[in-house]
Amino acid sequence: MSDKDSSLYEGLTTKNALFISGLVIAPAVTYATSLRHGLMLAAMFTAVTFLSLLISSFVPRNIVYAVRIILYTFIAALVYVPVYIIANQLFPSDLAQMGVFAPLLITNSFIISKSEVKFFREKRSKMFTDIIFYILGYDVAVILYSAVRELLSGGSLMGSIYGIPTVMPMFSTTAGGLILLGFCAALFRAVIYAAGRKRE
């Protein structure tokens, strides 16, 4: 398996940020109550995280660790401003509903910790590949999760009603979202484990 294939596989499956590593959970369980919101969260997360990591990768490694973390956060805050302006022009109501969880993406785990323990320790070509696929893994997971959540809580998807006989509105709440995320993560892990056993 090539490095690129390995990064794609890890980012989507064995090291999936949401279902396996449990990173950036808060905006998923509070905001991603529908597929539309899941897509919005994925877009904001991708733009803020990728651009922040791209610029932060040029911060010299010989700077004290604590200062580097502050610089990463400062860079992410600078990146957030134009991303927010563009998103607010295109999707003002969706962004408003995201509330405080939009600016909190500035301090998400990828930027603050994952960059230091993984991404910035790699060669630049490998680093960019990993960043792209790990972000993609989170995006796919949060989109699938939000779609399932909308179907279960309201029997609809992107405004289209599918006539599901039994809906569970509790899944639209934060507590219900956390429970559903736990079920999704457990099922995802079981599938990945079974697939790994089969490959062996």
Side-chain angles (χ1 to χ4, degrees), residues 7-57 68-70 72-81 83-84 86-87 91 94-120 127-150 171-189 192:
S7 296
L8 175 59
Y9 182 75
E10 287 183 354
L12 291 176
T13 57
T14 57
K15 295 185 179 179
N16 185 275
L18 184 63
F19 291 151
I20 300 296
S21 301
L23 302 177
V24 202
I25 287 178
V29 299
T30 55
Y31 173 70
T33 56
S34 66
L35 178 56
R36 183 181 179 89
H37 285 180
L39 290 167
M40 185 68 191
L41 174 57
M44 287 293 291
F45 173 80
T46 298
V48 172
T49 303
F50 179 77
L51 293 174
S52 297
L53 289 175
L54 176 64
I55 299 170
S56 296
S57 67
R68 290 202 307 272
I69 295 300
I70 293 171
Y72 298 159
T73 306
F74 179 70
I75 290 168
L78 292 178
V79 166
Y80 176 78
V81 173
V83 170
Y84 176 87
I86 294 171
F91 311 102
D94 294 317
L95 190 59
Q97 291 178 53
M98 192 180 293
V100 70
F101 292 101
L104 279 180
L105 290 175
I106 293 169
T107 57
N108 79 65
S109 306
F110 274 75
I111 298 171
I112 301 302
S113 61
K114 199 76 170 176
S115 56
E116 282 286 316
V117 300
K118 181 173 177 63
F119 300 137
F120 295 167
M127 178 192 74
F128 286 130
T129 301
D130 276 355
I131 288 173
I132 290 170
F133 289 141
Y134 275 59
I135 289 175
L136 178 62
Y138 179 85
D139 291 347
V140 170
V142 81
I143 289 169
L144 289 174
Y145 164 74
S146 61
V148 170
R149 191 174 183 183
E150 184 177 3
F171 286 131
S172 65
T173 67
T174 300
L178 190 59
I179 292 170
L180 179 61
L181 182 59
F183 279 123
C184 290
L187 178 61
F188 186 82
R189 289 166 185 255
I192 296 303

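This chain uses plain numbering: 1 for the first residue, then up along the sequence.
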Query raised in the report: Is the Phe19 ring parallel, tilted or perpendicular to the Phe188 ring (thresholds 30°, 60°)?
Result: tilted

Please name the pair of heavy atoms, one in [X] and one in [Y], separated by the smallest distance, quoted to 0.1 Å.
X: Ala26; Y: Phe101; result: CB-CE2, 3.7 Å
X: Thr33; Y: Thr30; result: CG2-O, 4.1 Å
X: Ile111; Y: Leu53; result: CA-CD2, 4.0 Å
X: Leu18; Y: Leu23; result: CD1-O, 3.9 Å
X: Ser146; Y: Gly38; result: OG-CA, 3.4 Å
X: Ile20; Y: Thr14; result: CG2-O, 3.2 Å

Requested in this report: Give a yes or no on whether Phe91 atom CZ has more than 12 heavy-atom contacts from other residues, nucleotides or ligands under 6.0 Å away.
Outcome: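 No, CZ of Phe91 has 12 or fewer neighbouring heavy atoms, counting only those of other groups under 6.0 Å.
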
Query raised in the report: Does atom CZ of Arg68 have more than 12 heavy-atom neighbours from other groups under 6.0 Å away?
Result: yes

Nearest-0.5 Å distance, [atom1] of residue [X] to [atom2] of residue [Y]:
X: Thr73; Y: Asn108; atom1: OG1; atom2: CG; value: 10.0 Å
X: Leu180; Y: Ser172; atom1: CG; atom2: OG; value: 11.0 Å
X: Ile75; Y: Leu54; atom1: CD1; atom2: CG; value: 10.0 Å
X: Ser115; Y: Met127; atom1: OG; atom2: CE; value: 10.0 Å
X: Asp139; Y: Met44; atom1: CG; atom2: CE; value: 12.5 Å
X: Ile131; Y: Leu136; atom1: CD1; atom2: CG; value: 13.5 Å

**Report entry** Phe183 and Phe171 aromatic centres sub-6.0 Å
**Finding:**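 Centroid separation for Phe183 and Phe171: 6.0 Å or greater.
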
Would you say that [X] contacts [Y] through its side chain, given a criterion of any heavy-atom pair below 4.5 Å between the two side chains?
X: Val100; Y: Tyr31; value: no
X: Pro103; Y: Tyr84; value: no
X: Leu105; Y: Thr49; value: no
X: Tyr145; Y: Val29; value: yes

Do any N or O atoms from the side chain of [X] and from the backbone of [Y] form a donor-acceptor pair under 3.5 angstrom?
X: Thr46; Y: Ala43; value: no
X: Asp130; Y: Phe119; value: no
X: Tyr134; Y: Phe110; value: no

